Amino acid sequence: MNAQVTVTLPDGESRSFPAGVTGYDIAQSIGKKLAKDALAVTVNGTATDLNLPITEDARIEIVTFDHPLGKEIFWHSASHILAQAVEELFPGSRFGAGPAIEQGFYYDIASPHRFTETDLELIEQKMLEIGRRAITVRREEMPREQAIEFFSTKREDPYKVEILQDTLKDTPRVSIYHQGDFADLCSGPHLPDTSKLRAVKLTNISASFWRGDPSRETMQRIYGIAFPSEKLLKKHLAALEEAKKRDHRKLGAELGLFMLSQDVGSGLPIWLPKGAIVRSELETFLKEEQKKRGYVPVYTPHIGNIELYKRSGHYPYYSDSQFPPLTYTDDLGREEQYLLKPMNCPHHHLIYSSELRSYRDLPLRLTEFGTVYRHEQSGELNGLVRARGFTQDDSHIYCRPDQLVDEICNAIDLTRFVFATLGFDDIQVRLSLHDPDNPGKYGGTGDVWEQAEKDVREAAERMNIEYVVGIGEASFYGPKIDFIVRDALGRKWQLGTVQVDYVMPERFDLSYIGPDGQPHRPIIIHRAPFGSMERFIGVLIEHTAGNFPLWLAPVQVAVLPITEDAHEYAASVRDLLHREGIRVKLDTRSEKIGKKIREAEVSKVPYMVIIGQKEREDGTVSLRRHRQGDVGTMTLDQLKEKLFTEITEKS
RNA sequence: GCUGAUGUAGCUCAGUCGGUAGAGCACUUCCUUGGUAAGGAAGAGGUCACCGGUUCAAGUCCGGUCAUCAGCUCCA
């Protein structure tokens, strides 16, 4: 072993230390503050405990809370502290899994005690106390067998034993982290001691299934988030408050966009006039764009004979998340069953096969805003983003194999165009592939899947998309490219999607006549840039906080006369804008201008036109922009011009 | 569907020990005619989610149902 080791810091500087130096020593040699903030260290890119000796030359980086890895380690350690606190307060609790998550951590606990919200405060206090005790966290490595022994005798942790015997059955050596009397099976790394934990908030408590398996026991999951300082926690809580104000369910009601009524049924949104404007503008926008790209519109019924969905495979695969079939009995006692349309595709396939297709006719791009109904589990319903009745901007592209990759690219391009226009920049793209270990979930043969996934990848590469791969996320008929965005609370939702399908053409025996005069199988692309109009607008509401761009705003201009003298002129301005197709409202109540402005601001009307005696005499208007204030005085022509430009540019 | 929490006026919420329902905003009417985020007064508005139980008496206590929320599971 070398007596000295050379470590290279992220800035490229190399330093020499005695072998066995720890990350903490190095941090201390760099600065006191860094040593204080240090949580862990990466050695040649691998995260490691701060107090582990470094015995060879290495690239190292000190990890603090500001580092993404730092948060993960911090929160993971916080989950251990949570477990220790629970163990001290509620003896007999057994621990399942306790990872760091994107925003904090959780621990799954099996306990004879039923945790309540008041317990959470108690546990928080105990966690902070454990922090003040500054308990050293010690890593111990041992053979797997010995760990099983440890968790069956020294500690009674049946869940850890199960993990050791099952998930880790091929791992010969495992590590245990000791923290006072508490110990947990964990690969680490962890904080050197518990003193870094200065602020903690246990946010909620819910049920989870052990190992995510509904047939196993339910556990109590406690969620929380922790920080090295009280100030950071306050900031986090304030950000959460802000996010809540953006909640589309809250804004949807406040701005009169949509409603949900028990009298209609849960999960069945009703579009109010203002929300309907937003939706209709978006639909027009996409229809126009699709017209340019060679799509042809169709309309199909809202229900269909159940045989149709048996044939497509939707019925057998998804019967548990559909409304039950409607059964119709005719005079002769013959029964027919109809299903509320869960999908538009089968109808479109029938349109395809309604006439003989030539290879020259392809690609055929059928498009429809098709409303579908799915009986989502009651606990899943969530405003507009998870509903039981919703409208897909659904198209099916029927093409030849030589056109496929081009067509996928076109669909990706359209989806990106839609997202860019609406200002979504933080999108995750996922290639959703099949899970080879779960063949029962999918239709079609292995060859077909291989080809489909190859095509999808090729298109994604060609379009220069940065993507993540989601194994097991494919639909039953083919792989997908999914566009995923987050809501105000950070939850992920799939919006746009492009899907390749070699299975349905077989099921529906679709064909076209090739140049050789023989029938050939087309390939289908399912695609929906918005995904669901409901979900998209739900996320859009949160994305914009209800401040829609001018072209989408339900009311674009509020005309606000200051006194009654100005009413007549104000009405003429309203009529002028109205004739030009601007959505305009005139406020002639006998309220002061300040109040009228306030109400227009609160209802997020993009422009206010303020009219007093001066404007009336000069034939001008005073313009005010929502959230910005006074823009200045201008003529009516200038006003029209300004509004038109902004609407056309969709800015 | 599962676990937990919540459910009072259109909205946000108060309602003590079980004793006959309250505020602010919004709404209606009247007064007020004003210059860039809340003028004043009066009025109207309730099957306390629903069903049942305990009680002389239930918004309040108990049981059930439904809905909403958080998470889990699921998502063509």
Side-chain angles (χ1 to χ4, degrees), chain A residues 101 106 108 114-117 203-210 212-223 244 247 249-250 253-254 256 259-263 265-267 309 312-322 341-346 372 374-383 386 392 394 441 443 473-478 480 482 489 491 493-494 497 499 501 503-504 526 528 532 535 560-567 588-602 608-615 622-633:
Chain A
I101 51 178
Y106 67 78
D108 282 345
R114 165 75 56 202
F115 295 106
T116 65
E117 270 173 42
T203 45
N204 59 55
I205 169 170
S206 75
S208 64
F209 300 113
W210 169 234
D213 181 349
S215 67
R216 301 288 309 262
E217 57 267 48
T218 57
M219 302 185 80
Q220 301 183 72
R221 177 174 294 181
I222 298 179
Y223 283 86
K244 265 193 204 153
D247 190 315
R249 291 163 296 192
K250 187 173 155 64
E254 281 172 8
M259 61 181 257
L260 289 156
S261 162
Q262 295 172 35
D263 295 337
S266 51
Y309 305 102
S312 71
H314 290 107
Y315 187 67
Y317 273 94
Y318 297 105
S319 54
D320 52 348
S321 57
Q322 283 162 1
K341 181 164 72 174
M343 259 314 217
N344 300 303
C345 2
V372 297
R374 300 178 186 173
H375 194 271
E376 305 289 3
Q377 296 184 12
S378 59
E380 282 307 325
L381 300 177
N382 185 303
R386 195 74 191 267
Q392 297 175 313
D394 209 359
K441 205 178 148 189
E473 303 286 347
S475 75
F476 76 88
Y477 53 68
K480 314 186 280 176
D482 292 322
L489 296 169
R491 292 177 294 201
W493 298 98
Q494 178 197 304
T497 181
Q499 316 180 351
D501 179 2
V503 174
M504 290 300 151
H526 307 238
S532 129
R535 175 175 293 180
L560 311 178
I562 294 171
T563 66
E564 247 167 59
D565 298 349
H567 280 190
T588 52
R589 294 172 309 163
S590 67
E591 294 292 351
K592 290 171 106 166
I593 190 64
K595 175 146 184 173
K596 293 183 185 182
I597 287 172
R598 180 185 152 78
E599 287 185 9
E601 288 283 350
V602 167
M608 285 146 273
V609 161
I610 293 156
I611 290 170
Q613 202 178 3
K614 197 153 61 76
E615 287 78 12
S622 168
L623 191 65
R624 182 187 162 98
R625 172 84 223 201
H626 171 51
R627 294 197 302 165
Q628 284 174 22
D630 198 354
V631 177
T633 303

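Proteins come first, then strands; the chains are lettered A, B, ... in the order of their sequence lines, and each starts at number 1. In this text, all values refer to a predicted model and were calculated from it rather than measured experimentally.
As rounded to the nearest Å, B/rA70 and B/rG63 have C1' atoms that lie 25 Å from one another. Annotation: B/rG10 and B/rU16 have their C1' atoms spaced 28 Å apart (nearest Å). The P atoms of B/rG18 and B/rC13 are separated by 25 Å, rounded to the nearest whole Å. A gap of 31 Å separates the P atoms of B/rA38 and B/rG45, to the nearest Å. Using atom P as the reference point in both B/rA5 and B/rU20, the two lie 30 Å apart (nearest Å). Between the P atoms of B/rG59 and B/rC72, the separation comes to 38 Å (whole Å). As rounded to the nearest Å, B/rC75 and B/rA44 have C1' atoms that lie 47 Å from one another.
Remark: C1' of B/rA70 and CD1 of A/Ile101 are 12 Å apart, rounded to the nearest angstrom. Taking atom CD1 on A/Ile593 and atom C1' on B/rU32, their separation rounds to 15 Å, with Å as the unit. One atom, CZ of A/Arg589, and another, P of B/rU33, lie 17 Å apart when rounded to the nearest Å. Nucleotide B/rA67 holds its P atom 16 Å from the CZ atom of A/Arg249, rounded to whole Å. Remark: C1' of B/rA37 and CD1 of A/Ile610 are 11 Å apart, rounded to the nearest angstrom. Atom CD in A/Glu217 sits roughly 14 Å away from atom C1' in B/rC72 (whole-Å rounding). For the pair A/Gln377 CD and B/rU3 P, the interatomic distance rounds to 13 Å; values are reported in whole Å. Here the C1' atom of nucleotide B/rA37 and the NE2 atom of A/His626 are 11 Å apart, to the nearest Å.
Residue contacts shown for A/Lys595 are limited to sugar-phosphate atoms, with no base heavy atom under 4.0 Å away. As judged by a 4.0 angstrom heavy-atom cut-off over every strand, A/Phe115 is placed among residues making no nucleic acid contact. Nucleic acid contact class of A/Ser266 (heavy atoms, under 4.0 Å, all strands): sugar-phosphate only. Heavy atoms of A/Glu473 sit nowhere under 4.0 angstrom from any nucleic acid atom. A/Pro214 comes within 4.0 angstrom of sugar-phosphate atoms only, judged by non-hydrogen atoms across all strands, and of no base. When heavy atoms are screened at a 4.0 angstrom cut-off, A/Leu381 is found touching the sugar-phosphate backbone but no base atom. At the heavy-atom level, A/Glu591 lies under 4.0 Å from base atoms of the strands shown. Across all strands, A/Arg221 comes closer than 4.0 Å only to sugar-phosphate atoms, never to a base (heavy-atom distances). Using a 4.0 Å heavy-atom criterion, one finds that A/Ser590 contacts the bases of the nucleic acid, with or without backbone contacts as well. Within 4.0 Å (heavy atoms only), A/Ser208 reaches sugar-phosphate atoms of the nucleic acid but no base atom. Among the protein residues, A/Gly612 comes within range of the nucleic acid bases, having at least one heavy atom under 4.0 Å from a base atom. A/Gly212 comes within 4.0 angstrom of sugar-phosphate atoms only, judged by non-hydrogen atoms across all strands, and of no base.
What you find for A/Met608 and A/Arg625 is that their closest heavy atoms are CE-C, 4.1 Å. Here the shortest heavy-atom pairing between A/Pro316 and A/Tyr309 reads CD-O, 3.9 Å. Pairing each heavy atom of A/Arg249 with each of A/Gly383, the nearest pair is CG-CA, 3.8 Å. Among all heavy-atom pairs drawn from A/Leu623 and A/Asp630, the shortest one is O-OD1, 3.2 Å.
The main-chain N or O of A/Phe115 is found under 3.5 Å from a side-chain atom of A/Gln220 such that the two form a donor-acceptor pair.
One finds no side-chain N or O of A/Arg386 lying less than 4.0 angstrom from the OP1 or OP2 phosphate oxygen of B/rA70. Between A/Arg491 and B/rG71, a side-chain N or O to OP1/OP2 separation shorter than 4.0 Å is present. Here A/Lys480 reaches the OP1 or OP2 of B/rA76: one of its side-chain N or O atoms lies under 4.0 Å away. In this structure, A/Tyr106 does not reach the B/rC72 phosphate: none of its side-chain N or O atoms is under 4.0 Å from OP1 or OP2. Applying the 4.0 Å criterion to OP1 and OP2 of B/rG39, one finds that A/Lys596 has every side-chain N and O outside that range. Residue A/Asn344 places no side-chain N or O under 4.0 Å from the OP1 or OP2 atom of B/rA76. Proximity of A/Ser378 to the phosphate of B/rG1: a side-chain N or O atom is located under 4.0 Å from OP1 or OP2.
Between A/Asp213 and A/Gln494, the residue whose closest nucleotide on RNA chain B is further toward the 5' end is A/Asp213. Comparing A/Leu260 and A/Met343, the nucleotide of RNA chain B nearest to each residue sits closer to the 5' end for A/Leu260.
Residue A/Tyr317 and nucleotide B/rA76 are not classified as a stacked aromatic pair, given the requirement of ring centres less than 5.5 Å apart at an interplanar angle below 30°.
To the nearest 0.5 Å, atoms NE2 (A/His314) and CZ (A/Phe476) are separated by 4.0 Å. A distance of 10.5 Å separates OH in A/Tyr317 from OG in A/Ser312, rounded to the nearest 0.5 Å.
For a distance-only test at 3.5 Å, the side chain of A/Gln220 fails to qualify as a donor-acceptor partner of the base of B/rG71.
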